[in-house]
Amino acid sequence: MGKINLYRFLSVSWFLLALSGCGQSNTVKLTLTGSSTIAPLVMELGRAFEKQQPGTRVDVQTGGSSRGIADIRAGISNIGMVSRSLKISEKDLFPHTIAYDGITLILNKSNPVNVLTDNQIVEIFKGNINNWAEVGGPNKGITVVNKAEGRSTLELFLNYFKLENRAIKADVVIGDNQQGIKTVIGNPWSIGYVSVGAAEYEEKHGSAIKLLGVSGEKASTTAIKQGHYPLSRPLNIVTLNKPEGIAKAFIDFAQSSNAAAFVEEQYFIPINAH
Amino acid sequence: MRTNRFVQISLKVSALLAASVLLFILYFLVQESIPLIKTLGMSAFFQGGWYPLEGEYSLTPMLLGSLYVAIGALALAAPLGIVVAIFGQFYAPVLLGKVYRGMVELLSGIPSVVYGFWGLTVLVPWITYWVPPGTSVLAGIIVLAMMVLPLVVLTADSAISSVPRNYIRSAQALGLARWGIIYRLVLPVALPGILSGIMLQSGRALGETMAVLMVTGNVVQLPEGLFKPVRTLTANIALEMAYAVDSHRIALFISGLLLLLMTVLIVSIAHYLKGRRFA
């Protein structure tokens, strides 16, 4: 008799416990996916936004700018992070610029080479120059680090140097900026390209990389701010339709002067300063 | 009795559900893949290169990449695993053998991404020192071998310990030396079990994603050597799934189907081998 009562009690209480998982939660969720360049900034903005508007949760995932576009079209996310201007095929979407950034080449700090011409960079990535000795460095093979397809950093790089992805002879293919930076840190004779913001952030925090500009211009946030760094780009957060509700509130926050401090912390250029 | 009937039925239903999961996955993959196979034909996936944004979907470089890394890992882990199992069973003092087995079981529980992280931060720079770029087939083989080894040891161990003890007693009574018994008696009898264990681990080696993605370099090219980077089928799916649309997406499903069929083939062979005896 006692045993059956125990089983009944356990099964009823388990059932009730399972039910308690259902029911409405009061938090409003905002999901952003896409560019790994913008992600750190959006995460900081998200945290500040959550403090401002209690009961909201901002979820950030990377995956590349193309993922940002694909996810808002599929309705999987609310806002897409796209680290470039929109293409013609994307003109039906609504971009909101929250910062400006550039793309820089990065070398390991222990590499004595400090300057590379555009032509040398093209030939290195095409595999025609494969020893640092050919560009004024020591006799070591060059390890070329390229970005995976779907990343806007790759598209902008290809566009600027008039290359096709087919033509590049990469030794390592990486996904997001952090992986690129870690790869260059781990291999003293590698060369890669990442966002200026991410690279400057890492450099100032002591990572063993140095930035190499393009076309003779030094890569730095100051250069982009002053308008003469050629490989710069807008950082956009994109919505499928005109933004409303929590998405609109977040976008307004991100474009406000309050957000400028966060933008500068990530070594990007705030929109009001441009 | 009613409970007996109930247990019988629920067991049958559970078994059916478990088996049908595989069939569902197979059906889903085939259904998703068919449209592109119909348009391009099977041979399109084994010719040319992998340039999905331009409509070329050759899986060959990545298929070879997966095979090289998996076969290399097994070639490294299998002999090592068998030797460790033999040591644990025949050469180590009983207590040490137990400790050894415990440690190997612990190794098998380490998440694969931890191995990948270790590979990226320790192994790859070390290989770079000798032959750049470091992210290579070799790095993939070493990391995979480390992941596959514990279970090879454990299955070999259980295969060896299931050799009937009276075989060994009889051999000892006849005066055979220890190594002779192992090499001529225990191994041949345990071989089917050991082999099937290895083949099951090959399924894991082919399917490993995170760790190989971190250490093999992910460059889509035919494997040109031990120190050159490659991209495996699994890493390819992980890298491109997020943003692949239309035909590109279907091509990724096809590569998943290919992986599944290879695994099914290998497991079937393992199953067949298990039932046989070589001695």
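Convention: sequence-line order gives letters A, B, ...; per-chain numbering from 1.
Between A:Gly186 and B:Pro125, the shortest heavy-atom distance links the atoms O-CB, 4.0 Å.
Note that OG1 of B:Thr135 is 8.5 Å distant from CG of A:Asn187, once rounded to the nearest 0.5 Å. In this structure, the separation between CG on B:Leu213 and CD1 on A:Ile174 is 11.5 Å, given to the nearest 0.5 Å.
Among A:Arg166, A:Lys140, A:Gln61, A:Gln179, the residue making the largest number of heavy-atom pairs under 4.5 Å with chain B is A:Arg166.
Taking the ring-ring contact (aromatic ring centres under 6.0 Å, His included) definition, one finds that B:Trp50 meets it with B:His248, sequence neighbours left out.
The environment of B:Phe117 atom CZ is sparse: at most 12 non-hydrogen atoms of other residues, nucleotides or ligands sit within 6.0 angstrom. Environment of CZ in A:Phe94: crowded, with over 12 heavy atoms of neighbouring residues, nucleotides or ligands closer than 6.0 Å.
Looking at A:Arg73, there are no atoms closer than 4.5 Å to chain B (heavy atoms on both sides), in backbone or side chain. Heavy-atom distances place both the backbone and the side chain of A:Ser66 under 4.5 Å from chain B.
Applying the ring pair (Phe, Tyr, Trp, His ring centres under 6.0 Å) test to pairs two or more places apart or on separate chains, those with a residue in residues 144-167 of chain A are A:Phe125-A:Phe157, A:Phe157-A:Phe161, A:Phe157-A:Tyr193.
For residues 214-239 of chain B, the interface with chain A (any heavy-atom pair closer than 4.5 Å) comprises B:Gly217, B:Asn218, B:Val219, B:Pro229, B:Arg231, sorted by residue number.
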Please set out all donor-acceptor pairs under 3.5 angstrom arising from side-chain atoms of residues 20-31 of chain B, sequence neighbours excluded.
| from | atom 1 | to | atom 2 | distance (Å) |
| --- | --- | --- | --- | --- |
| B:Ser20 | OG | B:Leu16 | O | 3.0 |
| B:Ser20 | OG | B:Leu17 | O | 2.8 |

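Using a 4.0 Å cut-off between charged nitrogen and carboxylate oxygen, B:Glu240 and A:Arg67 do not count as a salt-bridge pair.
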